[in-house]
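Worth knowing before you read on, the calculation uses all heavy atoms, side chains too, and leaves out hydrogens, waters and symmetry mates.
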Amino acid sequence: MIRRATPDDRAAIRDLHLASWQSSYGGVLPENYLRDDLPADMAAKWTARTFAPPELTLVDYTDDELTGFACALTDRDPPLIDNLHVRPDLRGGGTGTELLTAMKVALREAGFDRAYLTVLAENDRAHRFYLCHGGVDEGAVDDNLVGHAVEARRIGFRLA
């Protein structure tokens with residue numbers, strides 16, 4: 001079931017986000033950072049989130065277990081889909097598709113006709129996923145991932 005997140009979802013989102021980064025970013029971020037420092041950084045990030053505008057956070061639960069989440073920042077036009085993460089053991093099972101679709105609908109209902117996200121240049125799986133779901137590769141961008149310069153691709157979506 002996909003719904004808007006509340007502060008009660010904070011710990012589950014933080015834990016899933018941490019697990020997703022630790023399983024996906026080993027070749028991008030230093031292993032000691034992922035192991036030793038990332039847990040505190042994720043805790044700080046999600047403690048600061050308000051779950052109110054300009055944040056739009058959606059969660060997907062199966063029974064009582066968080067399976068994925070997506071977050072967009074709507075204080076810009078087009079809005080930035082800042083996060084879309086699925087529990088690592090459930091990737092490829094449709095949760096990401098459902099979350100991306102729900103996020104695009106929610107952003108359209110909020111009055112936006114476009115949105116974008118960035119994906120790490122070396123994350124071929126995510127890049128293919130976004131292109132298969134209507135995204136358009138708008139080119140390379142320099143990005144920053146927790147203080148580490150990274151190469152990314154900007155993916156744009158038409159919502160109308």
Side-chain angles (χ1 to χ4, degrees), residues 1-25 28-29 34 38-120 123-138 143-146 152-160:
M1 174 185 85
I2 295 177
R3 62 169 173 76
R4 288 190 183 232
T6 70
D8 291 339
D9 298 306
R10 188 183 314 276
I13 292 170
R14 178 202 62 221
D15 293 347
L16 190 150
H17 201 177
L18 176 63
S20 180
W21 274 38
Q22 287 176 328
S23 73
S24 298
Y25 294 164
V28 177
L29 297 172
L34 291 170
L38 182 61
D41 287 349
M42 282 297 174
K45 175 185 180 94
W46 288 102
T47 296
R49 290 290 171 107
T50 64
F51 299 95
E55 301 165 13
L56 171 59
T57 306
L58 303 177
V59 290
D60 185 40
Y61 277 87
T62 300
D63 298 321
D64 291 335
E65 190 170 18
L66 180 67
T67 58
F69 74 95
C71 180
L73 304 176
T74 63
D75 57 349
R76 59 206 78 192
D77 192 4
L80 167 65
I81 301 173
D82 186 43
N83 293 286
L84 193 158
H85 292 276
V86 173
R87 212 174 74 199
D89 62 317
L90 297 177
R91 289 181 185 144
T95 300
T97 298
E98 292 172 0
L99 281 165
L100 181 58
T101 300
M103 181 58 75
K104 291 186 321 189
V105 168
L107 291 171
R108 184 174 57 242
E109 289 175 350
F112 295 100
D113 61 358
R114 293 185 34 74
Y116 78 98
L117 55 81
T118 58
V119 62
L120 294 178
N123 192 341
D124 293 329
R125 180 180 179 162
H127 189 255
R128 284 190 310 273
F129 171 81
Y130 293 123
L131 295 182
C132 286
H133 290 85
V136 174
D137 189 327
E138 297 177 346
D143 207 349
N144 185 302
L145 195 59
V146 292
R153 306 291 301 178
R154 180 179 164 127
I155 307 296
F157 293 93
R158 288 221 165 275
L159 305 175

Can you give me the closest heavy-atom contact between Leu34 and Pro39, atom names plus distance?
O-CD, 3.8 Å
Contact summary for Ala115 and Leu107, nearest pair of heavy atoms:
CB-CD1, 3.9 Å
At what distance, to the nearest 0.5 angstrom, does CD1 of Ile155 lie from OG1 of Thr118?
9.0 Å
Looking only at atom types and distance, does a side-chain atom of Thr47 sit under 3.5 Å from a main-chain N or O of Ala43, one as donor and one as acceptor?
yes
Can you list the steps and then say if Arg125 with Asn123 is a side-chain contact (heavy atoms from CB on, under 4.5 Å)?
CA-CA 6 Å; Arg125 180 180 179 162; Asn123 192 341; 4.1 Å; yes
If the test is side-chain contact (heavy atoms from CB on, under 4.5 Å), which one of Ile13, Thr6, Leu56 qualifies with Phe51?
Ile13
Test side-chain contact (heavy atoms from CB on, under 4.5 Å) on His133 and Thr97; report intermediate values, then the result.
CA-CA 8 Å; His133 290 85; Thr97 298; 2.9 Å; yes
Separation between NE2 (His127) and SG (Cys132), nearest 0.5 Å, reads 10.5 Å
Could you tell me the separation between the CG atom of Leu131 and the CZ atom of Arg153, rounded to the nearest 0.5 Å?
9.5 Å
Is any side-chain heavy atom of Gln22 less than 4.5 Å from a side-chain heavy atom of Leu38?
yes
Decide if atom CZ of Arg158 counts as having more than 12 heavy atoms of other residues, nucleotides or ligands within a radius under 6.0 Å.
no
If you define the side chain from C-beta out and look only at heavy atoms, does anything of Leu100 sit under 4.5 Å from Tyr130?
yes
I need the Leu80 CG to Arg154 CZ distance, nearest 0.5 Å.
8.5 Å
Ignoring hydrogens and angles, state whether a donor on the side chain of Arg91 or Ser23 is under 3.5 Å from an acceptor on the partner side chain.
yes
Find out whether Leu159 and Val105 are in side-chain contact, i.e. whether some heavy atom of one side chain is under 4.5 Å from a heavy atom of the other.
no
To the nearest 0.5 angstrom, please state how far the CE atom of Met103 sits from the CG atom of Leu84.
7.5 Å
Contact between Leu120 and Tyr25 at the side-chain level, heavy atoms closer than 4.5 Å - yes or no?
yes
side-chain contact (heavy atoms from CB on, under 4.5 Å) between Leu73 and Ile81: does it pass, once the steps are laid out?
CA-CA 6 Å; Leu73 304 176; Ile81 301 173; over 6 Å; no
Indicate yes or no: at least one non-hydrogen side-chain atom of Asp9 is less than 4.5 angstrom from one of Leu66.
no
Given side-chain contact (heavy atoms from CB on, under 4.5 Å), test Lys45 with Asn83 step by step and report yes or no.
CA-CA 12 Å; Lys45 175 185 180 94; Asn83 293 286; 4.0 Å; yes
Using the rule side-chain contact (heavy atoms from CB on, under 4.5 Å), only one of Thr67, Leu90, Val86 pairs with Asp60; which is it?
Thr67
Do the side chain of Glu55 and the main chain of Ala72 share a donor and acceptor less than 3.5 angstrom apart?
no
Validation row: Pro79, Asp77 side chains within 4.5 angstrom (heavy atoms)
yes
Check whether any side-chain heavy atom of Pro54 lies under 4.5 Å from a side-chain heavy atom of Thr74, and answer yes or no.
yes
Student check: side-chain heavy atoms of Trp21 and Leu29 closer than 4.5 Å:
yes
Identify the two heavy atoms, one from Phe112 and one from Arg76, that lie closest to each other, and give their separation to 0.1 Å.
CE2-O, 3.7 Å
So that I can tick it off, tell me whether Glu65 and Arg87 are bridged by a salt bridge, with the cut-off set at under 4.0 angstrom between side-chain N and carboxylate O.
yes
One should read off an interatomic distance between Leu18 CG and Asp41 CG, to the nearest 0.5 angstrom, of 10.0 Å
Pairwise ring-ring contact (aromatic ring centres under 6.0 Å, His included) hits with a residue in residues 54-78, at least two apart
His17-Phe69, Trp46-Phe69, Phe69-His85
Decide salt bridge (charged side-chain N to carboxylate O under 4.0 Å, His left out) for Arg4 and Glu109; before the verdict, give the C-alpha distance in whole Å, the side-chain angles of both, and the deciding distance to 0.1 Å.
CA-CA 14 Å; Arg4 288 190 183 232; Glu109 289 175 350; 5.8 Å; no
